[in-house]
Number of protein chains: 2
Amino acid sequence: MSDTVKYLLGEESIPKAWYNIAADLPKPLPPVLHPGTKQPIGPDDLAPLFPMELILQEVSTEREIPIPEPVRDVYKQWRCTPLYRARRLEKALQTPARIYYKYEGVSPAGSHKPNTAVAQAFYNKQAGVKRLITETGAGQWGSSLAFAGSVFGLEVQVFMVRVSYDQKPYRRALMETYGARCIASPSNETHSGREILAKRADHPGSLGIAISEAVEVAAQRDDTKYALGSVLNHVLLHQTVIGQEAIAQLEMAGDYPDVIVGCTGGGSNFAGIAFPFIGAQLRGGKKVRIVAVEPAACPSLTRGRYAYDFGDTAHLTPLTKMHTLGSTFTPPGFHAGGLRYHGMAPLVSHLQELGLITSTAYHQTACFEAGVQFARAEGIVPAPEANHAVKGAIVEALKCKEEGVSRSILFNLCGHGHFDMQAYIDYFGGKLKDIDYDEKELAMALAGLPSVAEPA
Amino acid sequence: MSDTVKYLLGEESIPKAWYNIAADLPKPLPPVLHPGTKQPIGPDDLAPLFPMELILQEVSTEREIPIPEPVRDVYKQWRCTPLYRARRLEKALQTPARIYYKYEGVSPAGSHKPNTAVAQAFYNKQAGVKRLITETGAGQWGSSLAFAGSVFGLEVQVFMVRVSYDQKPYRRALMETYGARCIASPSNETHSGREILAKRADHPGSLGIAISEAVEVAAQRDDTKYALGSVLNHVLLHQTVIGQEAIAQLEMAGDYPDVIVGCTGGGSNFAGIAFPFIGAQLRGGKKVRIVAVEPAACPSLTRGRYAYDFGDTAHLTPLTKMHTLGSTFTPPGFHAGGLRYHGMAPLVSHLQELGLITSTAYHQTACFEAGVQFARAEGIVPAPEANHAVKGAIVEALKCKEEGVSRSILFNLCGHGHFDMQAYIDYFGGKLKDIDYDEKELAMALAGLPSVAEPA
């Protein structure tokens, strides 16, 4: 067999519908609650922030939600993304496992995020929206929305956490190249930003603050809406093109996964690769073991509590039931900005409660070690977030070697690391430490969870 | 018509042979001369630096040189690369032109350079070589050879011009991630490096010095060879997969170019897109206007002299007839490191002398303006080098608009700009200046050209 095994689909194979796992759940998702009344919210409550089409997707239980042709047209630029058999990595590991990876780094922004950014920009444009506001940490999401905005002629403003704004000028430059405006958060442009700056002029910012600023600006104007890059149901929905393509590509390979591995921050790339396979299983298909890999420094699925919590630190968002470290929990600084979030997507959390997925956590140096081994074997340098999935896949492959069995392992390589080489420099320079979260801070954050009972 | 028009070929369409333009030249290339004797050199003179297979390719006049299966196998990872119709750019320009671009940024190193790096690594491995030495400026070539070395299990050492080594830590980190050793040049590891450091300990380095160091190390050991990323015939040969694929893809589009545009530094990506079309023309096919675009700050084709000159400043290399600004000419600092070379590939120079190509030069701010317009329309952020090709294509498209004719324009987008965002930051910050070379320095460098007559 050849060393390079790539399964490619033509653009006619780009899925025509997103797969909505809500249709197949054995038990429905707990309702989203209003932050004030603690009662289930309706579509209208979300209308100041999102266009109605996206709100309807958020609550839909239809199995298939058609992908509009203009969205499929933009997808064509980089989709279908390739599925590779990692033959060189298998050889390096001397494993009998069959390792496959879906590579989402071929998108213009270098990650899976444009799958939903393009869809969100389209529906907002269709609803007559002129301007999208969002927040970004490391910048993967902000640059993807900037790209999507440039395609559909929407203005994009991104509140970027100040510490990232200062430390990641390349991501910021990418957003500006696409024509977006990038604002260091906390800023003087919002009430919530000014309030924080009044207390501390050199505040480094946080994702929670940036969300507050973005939501505040979006809610003020009718022609302006908010966009989120993960966590919400409709965001996860849009990512299911990944897993649907993978099913078709594995069919070309004459294979089907025994294990699927994805990294989890908010949960969107994990959902993208895993949900279509979980759905097939729920409808009577083969049982697949699904492993969510998270950073040991921010372990919502493995160490968080499954409870109602806010999505932001300022408590402006609705309450959702999810695995959470507490909305006041501040993850320590480590090199995978996309995974530094206190909560987990409600759908992913729900699946874990139902026993349909498992989760595990690794420290960052082990993940970088795995990423470098992968890069030297397969030629692609993964993003720090994706290194967690690589690590998870290698662990599974080495288990196969130990047990002398050949299992089929599929993982999602959600983005390349070309904007994150500083992390590799730190790794090679021995400056990367295995950071743990503060146990006391976690205990306090969990103690501060809102006391909300799930409605009967 | 859809806005995204992508022409994709399966891996079975990766060319089975490289196209050697030497077979179709109406007049052969002037011979390469020994730097000492000034007489034509033979294959054996190059044997200390290159494996014999590459030397034979360097002098071959066979039209088709078969691509070894292990090389095609590695190509499969990212080839065939996509050809796009730039519909959104056409709309933005309101031009009747049909603009196509071949995108080479999908390779693991982000540019066209792996096309030859993989081939060179393969032939060296086959010849029993253990270690490849090269030099790099901005790092596109060094990282591509590092990637190729990791695939074939070859040690790679890269002498990187010190000023780039300090200013471009991300490219260096990419080389190290692939397992290569990256050395700031001038270094203490070579005679020529030590000699320069003795005179000036903080010497910023130059490509000429880095070449001297690499050649010195490679020539010392039997298991060690030298690799070059452009200029030489065999390097240009390996890039012809680009143009061959483009011919097949334009056939799918039912089109054929009236104009082809490429940027030129050493000439390799330009040759890659243009040579297969020039060859078809020389064998009786349609005449295509071919435009080489170079930086106004380093204009070898438009302002250089067609004469015998050295490839390096230390005068260790053979003499080749080419368009040159003089081997002592130091191009000013501008943001397209891949185009800062005093000479031009002998084959490209020869074609210009034969009237088969034309050339033009642009300043960098105009090229960045074009690159940003392209990014906002097409979603891909080009490398600074590639922005020169984008500028050339936009000029041609606007000519069509002025004349009210629809011509077919093809250009090569040789790489993405994800490692070069500092240049965009400088552009947006108004810090990018239109730098001109020093007229006096050019006059002096040209006056210092070796006095060599072409053998009869």
Side-chain angles (χ1 to χ4, degrees), chain A residues 2-6 8-11 69-70 72-80 82 84 88 105-110 114 143 146-148 150-151 169-174 176-179 368 371-372 375-381 416-429, chain B residues 2-6 8-11 69-70 72-80 82 84 88 105-110 114 143 146-151 169-174 176-179 371-372 375-381 416-429:
Chain A
S2 141
D3 271 354
T4 306
V5 187
K6 179 174 69 172
L8 211 60
L9 296 166
E11 60 193 34
E69 267 313 305
R72 287 187 79 237
D73 188 51
V74 181
Y75 280 177
K76 277 187 209 165
Q77 188 178 352
W78 71 96
R79 305 208 74 86
C80 300
Y84 292 101
R88 289 196 194 86
V106 293
S107 85
S143 55
F147 155 70
S150 80
V151 169
Y170 276 30
R171 274 278 173 202
R172 175 159 52 97
L174 183 59
E176 290 173 354
T177 302
Y178 286 134
F368 273 87
V372 169
R376 289 181 185 175
E378 295 293 317
I380 299 170
V381 179
H416 67 60
H418 293 178
F419 288 100
D420 308 285
M421 296 310 295
Q422 187 58 49
Y424 284 88
I425 294 172
D426 290 351
Y427 171 71
F428 288 119
Chain B
S2 141
D3 271 354
T4 306
V5 187
K6 178 174 71 171
L8 212 59
L9 296 167
E11 59 192 34
E69 268 313 306
R72 287 186 79 237
D73 187 52
V74 180
Y75 280 176
K76 277 186 211 167
Q77 187 177 352
W78 71 95
R79 305 209 74 84
C80 297
Y84 291 101
R88 290 197 194 86
V106 292
S107 84
S143 54
F147 156 69
S150 80
V151 169
Y170 276 29
R171 273 277 175 204
R172 174 159 53 95
L174 183 59
E176 289 172 356
T177 302
Y178 286 134
V372 169
R376 289 182 185 175
E378 295 294 319
I380 299 170
V381 178
H416 68 60
H418 293 179
F419 288 100
D420 308 286
M421 297 309 295
Q422 187 57 49
Y424 284 87
I425 294 171
D426 290 351
Y427 171 72
F428 287 119

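Numbered from 1 within each chain, the chains take letters A, B, ... in sequence-line order.
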Applying a strict 4.5 Å limit to non-hydrogen atoms, the region of B/F147 in contact with chain A is side chain
The interface call for A/V106 against chain B, heavy-atom contacts under 4.5 Å, is neither
Honestly, the part of B/E11 sitting under 4.5 Å from a heavy atom of chain A is side chain
Given B/R376, B/R171, B/K76, the one with more heavy-atom pairs under 4.5 angstrom with chain A than any other is B/R376
Pair count under 4.5 Å, heavy atoms only, with chain A: among B/G179, B/A148, B/G417, B/A377, highest is B/G179
If one checks every heavy atom of A/E378 against chain B at 4.5 Å, the contacting part turns out to be backbone
Inset, instruction - Examine the side chains of A/R88 and A/T4 and answer whether a donor and an acceptor come within less than 3.5 Å of each other. - result: yes
Notebook entry, point to check: What is the ring orientation for B/H416 with A/H418, classed by angle as parallel under 30°, tilted 30 to 60°, or perpendicular over 60°?
Noted result: tilted
Assert top hit (heavy-atom pairs under 4.5 Å, partner chain A, pool B/V381, B/L8, B/D420) equals B/V381
Okay, A/Y170 and chain B: the region with an atom under 4.5 Å from a heavy atom over there is both
Do A/V372 and A/F428 make a side-chain contact, defined as non-hydrogen atoms from C-beta onward lying under 4.5 Å apart? yes
Looking only at B/G379, B/A173, B/P108, the option with the highest number of non-hydrogen pairs under 4.5 Å against chain A is B/G379
When the 4.5 angstrom heavy-atom criterion is applied to A/Q422 and chain B, the contacting part is both
Honestly, the part of A/Y424 sitting under 4.5 Å from a heavy atom of chain B is side chain
Checking B/Y178 side chain against B/G149 main chain: does a donor-acceptor pair fall under 3.5 Å? no
Okay, A/F419 and chain B: the region with an atom under 4.5 Å from a heavy atom over there is both
Side chains of B/I425 and A/R172: closer than 4.5 Å at any heavy-atom pair? no
Of all heavy-atom pairs linking A/D3 and B/D73, the shortest is N-OD2, 3.0 Å
